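Since this is a predicted model, take the numbers as computed values, not measurements. What's counted below: heavy atoms across the whole structure, side chains too, no hydrogens, waters or symmetry copies. Note that ligands are numbered from 1 as they come in the structure, with each ligand's atoms numbered from 1 the same way.
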Amino acid sequence: MSYDVVVIGSGPGGYVAAIRCAQLGLKTALVEKYPTFGGTCLNVGCIPSKALLDASEHYENASKHMADFGVQVGDLSIDWEKMKGRKDQVVRDTCNGLEFLMKKNKIETHQGIGSFLDANTIQVKEEKGTIHKLETKHTIIATGSKPTALPFAAFDGKRIVSSTEALKFPKIPKEMVVIGGGVIGLELGSVYARLGTQVKVVEYMDALIPTMDRSLGKELQRVLKKQGMEFHLSHKVTEVRNTGRKVSVKAENKKGEAVEFKGDYCLVSVGRSPFTDSLGLENAGIQPDKRGFIPVDGDLQTTTKGIWAIGDVVGGAMLAHKAEEEGTAVAERIAGQKPHLNYRAIPGVVYTWPEVAGVGYTEEELKEEKRAYKSGQFAYRALGRARAAGEMDGFVKVLADQETDEILGVHMLGARVADMIIEGVVALEYKASAEDLARMSHAHPTFTEAVKEAALAATDKRPIHA
Ligand code: FAD
Ligand code: NAD
């Protein structure tokens with residue numbers, strides 16, 4: 001079989017690349033080693049985690065907030081099996097949707113492990129051992145990432161677990177230790193904290209979500225603490241031990257004292273590592289870098305002409321929508337187009353409640369670059385809509401160039417900011433000024449009015465409602 005393009009890996013990078021290639025008239029094949037398409041994101045990442053976040057949020061609202069609105073709920077209970085079953089159904093439906101999309105776009109799919117025999121030949125080894133070969137002009141590597149283990153504590157899948165197992169615990173834990181106060185730790189930590197688990201987050205740095213604007217982690221810690229989560233920052237974990245029915249996590253705190261945390265499980269969420277096992281990269285003349293990522297140039301082409309790589313396996317932000325943009329860009333480059341990719345305008349979102357979102361430069365990055373900037377911030381509690389909804393925690397911050405007023409970054413925490421951040425993305429893509437954003441009509445009463453007010457505060461210190 002011979003193709004214009006073979007894509008290895010069907011996550012959001014790979015399947016989007018395959019669809020775009022097919023749309024552009026390229027004969028395309030997609031190779032996936034798992035029985036379902038969709039990669040980490042659809043099977044064990046974005047989609048199942050959001051299904052559990054939404055389910056646990058319903059419980060949290062019913063148990064803690066509805067009475068404030070005059071809605072009395074009777075005896076509440078959690079049907080954990082049903083909650084997990086619904087999540088699995090959402091995953092199945094989403095993966096089935098992908099299968100339909102592959103057929104509709106006439107993409108030939110091959111289930112099995114893809115590996116290079118040479119730069120233009122891909123071997124596919126099916127689970128039952130059958131081997132076949134695909135000849136191709138171009139290959140797109142989209143093999144993603146896997147959870148990173150601590151060097152002294154391998155995952156055992158029973159008590160010391162990654163996000164994959166934490167999406168399907170047999171029972172809701174009574175207590176759980178989370179190592180890493182990043183996105184996975186806080187999202188899955190939130191799920192279980194809402195369902196009644198005592199969640200203890202142990203983080204090496206002095207802040208949560210440390211790569212986002214620092215103001216966000218600080219505020220998020222305050223609100224999640226109110227929700228019952230425990231935080232232990234600036235802690236160096238030294239030992240993680242499965243003690244049978246429990247797990248013991250030993251760490252050193254800021255003062256150098258030894259401390260111990262116990263839980264039914266320990267979720268290790270300290271990042272993810274590129275996945276290139278069994279790819280046979282050496283047969284294609286490709287050498288991963290020291291951290292295991294596949295090196296690519298500005299066009300996402302590897303050191304071997306005609307072989308491209310996208311998504312988590314090339315590093316940068318490990319986000320589904322970043323992988324998707326790269327997949328589209330590579331397909332278009334193969335077809336001879338000149339697509340544009342603006343990494344600064346890729347938003348990051350944390351789906352806790354309240355949600356957290358940011359795009360563009362953080363204040364810390366601007367300080368480091370010694371760039372003159374101005375900042376405008378607006379608190380949710382001054383919004384009519386926030387009071388009506390009982391969602392007073394949150395703020396929007398707009399950062400703009402001191403001289404030109406061009407928006408450089410937008411950072412927000414609060415109800416619905418996961419959807420609102422697109423306003424910052426559009427502003428960055430179109431190089432809008434804070435004045436531009438401030439002069440646009442924002443519907444009243446909505447949470448988006450906080451964006452307008454923050455832009456007013458940034459451009460000329462003239463918010464209306466503060
Ligand atoms: P992947 O999705 O990892 O897909 C790679 C695919 O390649 C896999 O299916 C794998 O089986 C296949 N493969 C690997 N090697 C081979 C081979 N040799 N032959 C054949 N197939 C192979 N991101 C967001 O943007 N938003 C979120 O809300 C979000 N939530 C997340 C929640 C969790 C719990 C996790 C773990 C991740 C989350 N992410 C989220 C991150 C997101 O899942 C990844 O950034 C995204 O999936 C990366 O896409 P990818 O296409 O690069 O790789
Ligand atoms: P992360 O990089 O978001 O967070 C890891 C955290 O662990 C950091 O705060 C880091 O300082 C800390 N850490 C590292 N080593 C440690 C140690 N030894 N002890 C204590 N803390 C330590 O990584 P993650 O939460 O594992 O998520 C992996 C990837 O998946 C991320 O790149 C993320 O972008 C992606 N993801 C995205 C979403 C989303 O977009 N909503 C959701 C889940 C996952």
Do we get R159 above Y265's six-membered ring, with its NZ or CZ under 6.0 Å from the centre and within 45° of the axis? yes
Heavy-atom proximity to atom 41 (C) of ligand 1 ranks first, among E187, Q111, M318, E324, for M318
With distance as the sole criterion, is a donor-acceptor pair present between the side chains of N242 and D156 under 3.5 Å? yes
Pair K338 + E332: basic N to acidic O under 4.0 Å: no
Salt bridge (Lys or Arg N to Asp or Glu O under 4.0 Å) with K200: of E230, E175, E260, only one passes, and it is E175
Heavy-atom proximity to atom 33 (C) of ligand 1, best of A166, S269, G45, P274: G45
Going by the atom numbers of ligand 2, which of them fall below 4.0 Å from some non-hydrogen atom of Y351? 41 (N)
Where's the contact between P147 and ligand 2, heavy-atom distance under 4.0 Å: side chain, backbone, both or neither? neither
May I ask whether K146 has any heavy atom positioned less than 4.0 angstrom from an atom of ligand 1? no
Taking 4.0 Å as the limit for heavy-atom contacts, which would you say applies to T211 with ligand 2: side chain only, backbone only, both, or neither? neither
Test: K397 and E219 ion pair at under 4.0 Å: no
Quick look: E187 vs ligand 2, heavy-atom contacts under 4.0 Å, and the answer is side chain
Any heavy atom of S162 sitting closer than 4.0 Å to ligand 1? no
Does the N or O separation between P210 and ligand 2 drop below 3.5 Å for any pair? no
Ion pair check, R222 and D393, cut-off under 4.0 Å: yes
Who's the nearest protein heavy-atom neighbour of atom 24 (C) of ligand 1, and how far? A320 N, 3.5 Å
What residue and heavy atom of the protein are closest to atom 15 (N) of ligand 1, and at what distance? T143 CG2, 3.3 Å
Salt bridge between K84 and E81, side-chain N to carboxylate O under 4.0 Å? yes
Can the ring centroids of Y192 and W80 be said to lie less than 6.0 angstrom from one another? yes
How far is atom 28 (O) of ligand 1 from its nearest protein heavy atom, and which residue and atom is that? K50 NZ, 2.7 Å
Are there over 12 heavy-atom neighbours, none belonging to Y430, within less than 6.0 Å of that residue's OH? no
For K246, does the NZ atom sit with more than 12 other heavy atoms under 6.0 Å from it, leaving out its own atoms? yes
I'd like to check which ligand 2 atoms, numbered from 1 as shown, lie under 4.0 Å from a non-hydrogen atom of M205. 11 (O)
Would you indicate which of H232, E203, R272 comes nearest to atom 10 (C) of ligand 2 when only heavy atoms are counted? E203
Ranked by distance from atom 20 (C) of ligand 2, the top protein heavy atom is Y204 N, 3.3 Å
Polar-atom distance check: L319 versus ligand 1, any N or O pair below 3.5 Å? yes
For I113, atoms of ligand 1 separated by under 4.0 Å from a heavy atom: 18 (N), 19 (N)
G13 to ligand 1: N or O pair under 3.5 Å? yes
Sub-4.0 Å atoms of ligand 2 with respect to non-hydrogen atoms of I179: 19 (N), 20 (C)
Presence of salt bridge, D264 and K174, under 4.0 angstrom: no
Would you say V350 has any N or O atom under 3.5 Å from an N or O of ligand 2, going by distance alone? no
Is the shortest distance from a heavy atom of S49 to ligand 1 less than 4.0 Å? yes
Between E127 and K33 (salt bridge meaning N to carboxylate O under 4.0 Å), is one present in this structure? no
Of K322, E325, E326, the one forming a side chain to side chain donor-acceptor pair (under 3.5 Å) with Y343 is E326
Check: of V349, L188, L208, T352, min heavy-atom distance to atom 39 (C) of ligand 2 comes from V349
Please state which part of S145 comes within less than 4.0 Å of ligand 1, counting heavy atoms only: side chain, backbone, both or neither. backbone
Hydrogens and angles aside, do T352 and E355 bring a side-chain donor and acceptor to less than 3.5 Å of each other? no
Just to be sure I'm reading this right: ignoring hydrogens, which of C46, G114, P48 gets closest to atom 39 (N) of ligand 1? Compare them by their nearest heavy atoms. C46
Any idea which protein heavy atom is nearest atom 45 (O) of ligand 1, and the distance to it? D312 OD1, 2.9 Å
Just by distance, no angles: are the side chains of R20 and Q23 close enough, under 3.5 Å, to form a donor-acceptor pair? yes
Work out whether the distance between some heavy atom of P12 and some atom of ligand 1 is less than 4.0 Å. yes
Distance from atom 36 (C) of ligand 1 to nearest protein heavy atom, with residue and atom: R272 NH1, 3.4 Å
May I ask you to identify, for F37, whether its side chain, its backbone, both or neither come under 4.0 Å of ligand 1 on a heavy-atom basis? neither
Any atom of ligand 1 sitting under 4.0 Å from a heavy atom of N43? no
So which heavy atom in the protein is nearest atom 12 (C) of ligand 1, and how far is it from that ligand atom? E32 OE1, 3.3 Å
Salt-bridge test for D213 and K218: reply yes if a basic N is under 4.0 Å from a carboxylate O, no otherwise. no
Within the 4.0 Å heavy-atom cut-off, what L150 brings close to ligand 2 is side chain
Quick one: do the T238 and E252 side chains pair a donor with an acceptor below 3.5 Å? no
If we set the cut-off at 4.0 Å for heavy atoms, which region of S163 has an atom near ligand 1: side chain, backbone, both, or neither? side chain
Give me the nearest non-hydrogen protein atom to atom 2 (O) of ligand 1 as residue plus atom name, then the distance to 0.1 Å. T40 N, 3.0 Å
Does at least one non-hydrogen atom of I184 fall below 4.0 angstrom from an atom of ligand 1? yes
Got the closest protein heavy atom to atom 25 (O) of ligand 2, with its distance? I184 N, 2.8 Å
Checking side-chain polar atoms at under 3.5 Å, does S145 have a donor or acceptor matched by the opposite partner on S273? no
Tell me: protein heavy atom nearest atom 20 (C) of ligand 1, and distance? K33 N, 3.3 Å
Kindly state whether the ring of F261 and the ring of H232 have centres lying under 6.0 angstrom apart. yes
Is a salt bridge present between K27 and D4, judged by a nitrogen-to-oxygen distance below 4.0 Å? no
